[in-house]
Amino acid sequence: MGMSRSPKNGKQEFRSDTPNSPATLRARLSDDERLWVIGLQEELRTTPDLDEISDWDIACHAIVAKGDSAKAIQRLRRLKQFQQYYKVPQHPTVYEAIRTMHDFCHAHPDFIQAIGCDASGRWVLSFQLKAWTCPDQQEPPLLSVERELAALFFLLKALQPDLDSVRKGTIWIGDLEGITRQTLSLSSVRGARALCRDAFPIRIEDAPCWNTPPKLSAAYAFCRPFFSPHLTEKLVWDCTPELLTKHLPKHVLCRALGGTQSRNDVMDVLEENLARRFESQETFRLDLK
């Protein structure tokens, strides 16, 4: 199904593990993960404001926080605050998620350039930043700020369709061509930071960026305070096309780098992953005996 249809730091080189095939998906917790989850469960018993957390969310937050229960609870609270502030349903349905992504991809058809797995089974997102953040010429805009940030929330869910994808982390390939201080929306940047950096349990394993503005530019100075220490460590600023095509399969690259995904292909993957993600949430049960 396509987008136009109704839904049914300074690292010196880019790292990429390349085993022969992705690891088999696993739903069971490792011994360390079990301890992390038990610790988080114990802490949540004394936090009545977070009494509706699902088994799936407990597992995801415990894994990403690596056993730091205080950090996981802080992120859970921030995620709840994000959903309330941007009017994201606390218990959305898969149809709501897919419908929101359809609307977003219609409003910003070139933002998501490609989405798929690398040779290690990590989910990779290639995006063109100006296709989202540049000021919308339409009055009024096609989507409200709340709807835009809700779409980003569901996009993160689509990058973690199962527990194994939570463990492995993600790769974000950013095309920053044409980005200046004037093209950056403060509301979008603030919302993205509130979600990606401070709230949602997602791990970025690499963030190569190309067509980047100089590090002395106003655009970089504007964005730098929004980078977490973890993202700064993983960031590959001014990555070359040659490096990207050397380490990543063609199907996860944008069309300008020889990628083969169409806009319809992107929407197909988003729909499939969101369906898998919601099924994972609904069927996952902790068994800590």
Side-chain angles (χ1 to χ4, degrees), residues 3 9-11 14 78 82 85-88 100-115 124-156 159 170-200 202 204 206-241 243-244 253-257 259 263 266:
M3 290 185 183
N9 103 51
K11 291 191 310 179
F14 174 64
R78 287 174 175 171
F82 174 90
Y85 186 83
Y86 290 102
K87 302 176 183 178
V88 181
T100 301
M101 288 307 308
H102 266 268
D103 292 345
F104 178 83
C105 290
H106 175 70
H108 307 288
D110 293 319
F111 174 65
I112 303 176
Q113 292 276 310
I115 180 172
V124 182
L125 176 72
S126 289
F127 64 94
Q128 186 181 65
L129 187 58
K130 71 177 181 181
W132 178 35
T133 61
C134 286
D136 198 331
Q137 300 302 316
Q138 296 198 355
E139 294 292 342
L142 289 177
L143 297 179
S144 65
V145 173
E146 289 82 7
R147 192 73 167 167
E148 300 263 338
L149 272 298
L152 183 57
F153 172 81
F154 292 126
L155 176 59
L156 298 189
L159 290 169
T170 54
I171 297 175
W172 298 59
I173 307 172
D175 178 0
L176 307 190
E177 183 179 13
I179 292 297
T180 66
R181 173 62 186 89
Q182 289 70 36
T183 62
L184 290 170
S185 164
L186 181 58
S187 60
S188 296
V189 173
R190 281 178 172 169
R193 173 189 173 173
L195 180 63
C196 301
R197 171 179 170 172
D198 298 334
F200 201 90
I202 194 165
I204 298 177
D206 276 298
C209 297
W210 64 299
N211 286 330
T212 54
K215 284 193 173 182
L216 297 178
S217 68
Y220 183 85
F222 175 76
C223 291
R224 181 63 186 84
F226 294 94
F227 298 161
S228 67
H230 174 80
L231 179 58
T232 302
E233 178 187 348
K234 302 297 182 179
L235 195 64
V236 187
W237 198 257
D238 202 20
C239 189
T240 65
L243 202 56
L244 290 169
L253 298 176
C254 67
R255 292 178 286 278
L257 295 177
R263 292 171 181 172
V266 168

Can you confirm whether Phe153 sits close enough to Thr100 that some side-chain heavy atom of one is under 4.5 Å from a side-chain heavy atom of the other?
no

Is Asp103 close to Arg147 at the side-chain level, that is, under 4.5 Å between some pair of heavy atoms?
yes

Can you tell if the side chain of Cys239 reaches within under 4.5 Å of the side chain of Thr212, non-hydrogen atoms only?
no

Ring centres of Phe104 and Phe111 under 6.0 Å apart?
yes

What's the separation between atom CZ in Arg197 and atom NE2 in His230, rounded to the nearest 0.5 Å?
12.0 Å

In short, Cys105 meets Ile112 closest at the heavy-atom pair SG-CD1, 4.3 Å

Could you check if a side-chain atom of Ile179 sits within less than 4.5 angstrom of a side-chain atom of Asn211, using non-hydrogen atoms only?
no

Which of these passes side chain to side chain contact (heavy atoms under 4.5 Å, CB included) with Pro208: Val236, Leu235, Thr240?
Val236

So how far is it from His108 NE2 to Thr133 OG1, rounded to the nearest 0.5 Å?
9.5 Å

Do Leu152 and Trp132 touch side chain to side chain, with heavy atoms closer than 4.5 Å?
yes

For Leu216, I'd like to know if atom CG has over 12 heavy atoms of other residues, nucleotides or ligands within 6.0 Å.
no

Please assess His106 against Arg263 for the test side chain to side chain contact (heavy atoms under 4.5 Å, CB included), listing each intermediate value before the final yes or no.
CA-CA 10 Å; His106 175 70; Arg263 292 171 181 172; over 6 Å; no

So CG of Leu195 and CZ of Phe82: to nearest 0.5 Å the spacing works out to 4.0 Å

Any side-chain to backbone donor/acceptor pair from Trp237 onto Pro213? Under 3.5 Å, distance only.
yes

To the nearest 0.5 Å, what is the distance between CD on Glu177 and CH2 on Trp210?
7.0 Å

Applying side chain to side chain contact (heavy atoms under 4.5 Å, CB included) to Asp175 and Lys130, what does each step give before you reach the verdict?
CA-CA 8 Å; Asp175 178 0; Lys130 71 177 181 181; over 6 Å; no

How many angstroms lie between atom NZ of Lys87 and atom OG of Ser144, to the nearest 0.5 angstrom?
7.5 Å

Beyond-backbone contact of Leu149 with Val88, side-chain heavy atoms, under 4.5 angstrom
no

Side chain to side chain contact (heavy atoms under 4.5 Å, CB included) between Leu129 and Leu184, worked out:
CA-CA 9 Å; Leu129 187 58; Leu184 290 170; 4.3 Å; yes

Roughly how far, to the nearest 0.5 Å, is the CZ atom of Arg193 from the CG atom of Asp198?
5.5 Å

Compare every heavy atom of Glu146 with every heavy atom of Tyr85, then report the nearest pair and how far apart it is.
O-CG, 4.5 Å

Could you check whether any side-chain heavy atom of Leu125 comes within less than 4.5 Å of a side-chain heavy atom of Thr170, counting everything from C-beta outward?
no

I'd like to know whether Cys254 forms a side chain to side chain contact (heavy atoms under 4.5 Å, CB included) with Ile173, so could you lay out the CA-CA distance, the side-chain angles of the two residues, the decisive distance to 0.1 Å, and finally the verdict.
CA-CA 9 Å; Cys254 67; Ile173 307 172; over 6 Å; no

Does a side-chain heavy-atom distance below 4.5 Å link Gln128 with Asp110?
yes

Do you know which two heavy atoms are closest between Met101 and Leu155, and how far apart they sit?
SD-N, 3.9 Å

